[in-house]
Amino acid sequence: MSYDREKQVAMDAAIAAAKLCQQVRQDIPQAIEKQDKSPVTVADFGSQAIICKALGEAFPDDPVVGEEDAAELRKPEMAETLNKMLGYVQSLIPDATADRVTDWIDRGNGSVSPRYWTLDPIDGTKGFLRQDQYAVALALIEGGDVKVGVLACPAMPVGGREPGMLYVAVRGEGAAMMPLAGGELQPIQVVSPEDAENLRFVESVEAAHGDQSRQNAIAQAAGITAESVRVDSQAKYGIVASGKAALYLRLPSPKKPDYRENIWDHAAGAIVVEEAGGKVTDMYGKPLNFADGSKMVNNRGVVVSNGVLHDRVLAVLNR
Ligand SMILES: Nc1ncnc2c1ncn2[C@@H]1O[C@H](COP(=O)(O)O)[C@@H](O)[C@H]1OP(=O)(O)O
Ligand SMILES: [Mg+2]
Ligand SMILES: [Mg+2]
Ligand SMILES: [Mg+2]
């Protein structure tokens with residue numbers, strides 16, 4: 001079956017959401033603290049609204065498993081935030097209303113199903129707030145297999161031009177990238193082992209999201225001598241997929257041994273890297289499980305590589 005329509009709708013929606021995020025970011029957004037203490041902004045909500053609206057119109061039967069929901073926003077004390085968010089959404093969708101945007105956001109409260117989308121409206125909210133990297137991440141999953149993935153990375157440098165890169169992949173069709181400012185999709189490939197300059201590894205900026213000392217030790221043991229490059233969000237998957245780094249390590253934080261990864265933090269990035277010729281597993285070599293729930297309860301850590309390095313990294317991790 002062809003996923004041309006899914007790919008086009010997902011790309012258009014992610015591009016629109018990325019535009020909204022950049023508008024919010026120019027105005028120096030404020031963070032709101034969620035119940036789990038992590039930050040969220042009007043851009044996270046606006047991005048989820050725009051993408052869920054587009055998916056709801058194009059694929060009304062498909063559930064969406066999104067990170068955010070509108071319960072907090074509907075509280076009377078959040079009226080000012082809701083109104084601010086509505087203003088940004090209206091610049092792209094003039095007939096949006098407060099009731100409609102909250103309903104669009106709550107379309108993202110779907111469940112993992114035989115066919116569903118998963119959405120992180122802003123992955124790397126901390127990077128977004130720091131004016132660093134972040135991503136809008138959207139993926140279609142069927143029978144537990146990611147079929148389409150789109151990563152919009154509005155802050156990704158694009159040699160000399162306005163920043164912003166879009167990465168996209170369809171299962172069996174390869175991966176490609178395109179400047180968000182416009183242009184053609186160009187096929188991408190992971191780095192080859194001969195390309196010494198790009199045999200780097202990437203990890204999170206946030207020390208608490210991983211185990212940086214172990215990540216560095218493992219990368220060294222696997223033959224990567226250069227210092228890590230620290231980047232927020234699934235932009236790291238885009239960097240590996242486009243051959244700018246050979247490895248992305250995300251090992252469980254010793255401070256949060258019970259943390260489990262969310263599907264929306266990995267699905268889109270994973271297919272982009274796989275279709276660019278790379279490999280994605282957990283730290284034990286198990287495939288990431290997108291079939292059973294929004295948390296990957298039976299996976300620990302994530303290893304993303306150019307493929308060639310993968311077995312060596314797993315071997316040093318598990319010896
Ligand atoms: N202890 C943790 N370990 C791993 N990832 C985490 C942890 N806490 C939060 N995250 C997630 O890391 C992602 C950011 O990735 P990165 O660190 O690579 O920039 C966010 O989606 C964030 O989830 P959340 O969206 O709930 O804040
Ligand atoms: Mg995230
Ligand atoms: Mg997020
Ligand atoms: Mg978050």
Side-chain angles (χ1 to χ4, degrees), residues 14 17-18 21 24 29-48 51 64-73 105 108 117-139 149-156 201-215 228-241 245 247-270 272-273 280 282-283 288 290 294-297 299-304:
C21 293
V24 175
Q30 285 185 345
I32 307 158
E33 193 169 86
K34 293 208 276 189
Q35 268 159 9
D36 66 0
K37 305 274 182 225
S38 69
V40 66
T41 71
V42 293
D44 300 63
F45 290 122
S47 168
Q48 179 151 328
I51 291 175
V64 183
V65 182
E67 181 184 356
E68 311 302 344
D69 81 76
E72 286 293 311
L73 271 184
I105 292 169
W117 297 82
T118 191
L119 168 65
D120 196 335
I122 292 191
D123 183 41
T125 306
K126 289 177 180 165
F128 175 75
L129 287 164
R130 265 192 263 105
Q131 306 283 324
D132 283 340
Q133 291 300 318
Y134 68 100
V136 175
L138 176 62
V150 174
L151 278 184
C153 300
M156 187 65 73
F201 94 98
V202 281
E203 62 182 351
S204 179
V205 173
E206 297 290 332
H209 293 177
D211 184 347
Q212 290 179 340
S213 67
R214 189 169 179 211
Q215 284 156 197
S228 72
V229 181
R230 291 183 175 157
V231 179
D232 295 285
S233 84
Q234 284 172 74
K236 291 186 279 296
Y237 281 98
I239 288 171
V240 173
L247 181 65
Y248 162 25
L249 286 176
R250 188 179 194 84
L251 301 176
S253 161
K255 293 203 184 106
K256 284 194 186 162
D258 297 329
Y259 186 83
R260 292 295 183 279
E261 300 285 340
N262 297 306
I263 52 174
W264 54 75
D265 284 327
H266 298 283
V272 168
V273 165
V280 181
D282 77 0
M283 62 187 284
L288 300 185
F290 299 112
S294 63
K295 288 214 175 281
M296 300 191 281
V297 290
N299 291 123
R300 304 307 318 279
V302 182
V303 176
V304 179

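All ligand and atom numbering here is 1-based and tracks the order in the structure.
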Basic-acidic side-chain contact under 4.0 Å: Lys34, Glu72: no

Does any N/O atom on Asp123 come nearer than 3.5 Å to any N/O atom on ligand 1? yes

Inspect the contact between Arg130 and Glu206 and indicate whether a charged nitrogen and a carboxylate oxygen are less than 4.0 angstrom apart. yes

Restricting to N, O or S atoms of Asp123, which is nearest to the Mg ion (ligand 2)? OD1

Is it the side chain, the backbone, both or neither of Glu67 that has a heavy atom closer than 4.0 Å to ligand 1? side chain

Report whether any nitrogen, oxygen or sulfur of Asp265 sits less than 2.8 Å from the Mg ion (ligand 2) (N, O or S, backbone or side chain). yes

Tell me the contacting part of Val205 for ligand 1: side chain, backbone, both, or neither, using a 4.0 Å heavy-atom threshold, strictly below. neither

Between Asp265 and ligand 1, does any nitrogen or oxygen pair lie at a separation below 3.5 Å? yes

I want to check a possible cation-pi pair here: Lys126 against Tyr134, using under 6.0 Å from ring centre and within 45° of the ring axis as the test. no

Part of Glu261 within contact of ligand 1 (heavy atoms, under 4.0 Å): side chain

Can you tell me which N/O/S atom of Glu67 has the shortest distance to the Mg ion (ligand 4)? OE2

Using only N, O or S atoms, tell me which atom of Asp120 is closest to the Mg ion (ligand 2). OD2

Would Lys255 count as a contact residue for ligand 1, given that I'm defining contact as a non-hydrogen atom of the residue lying under 4.0 Å from a ligand atom? no

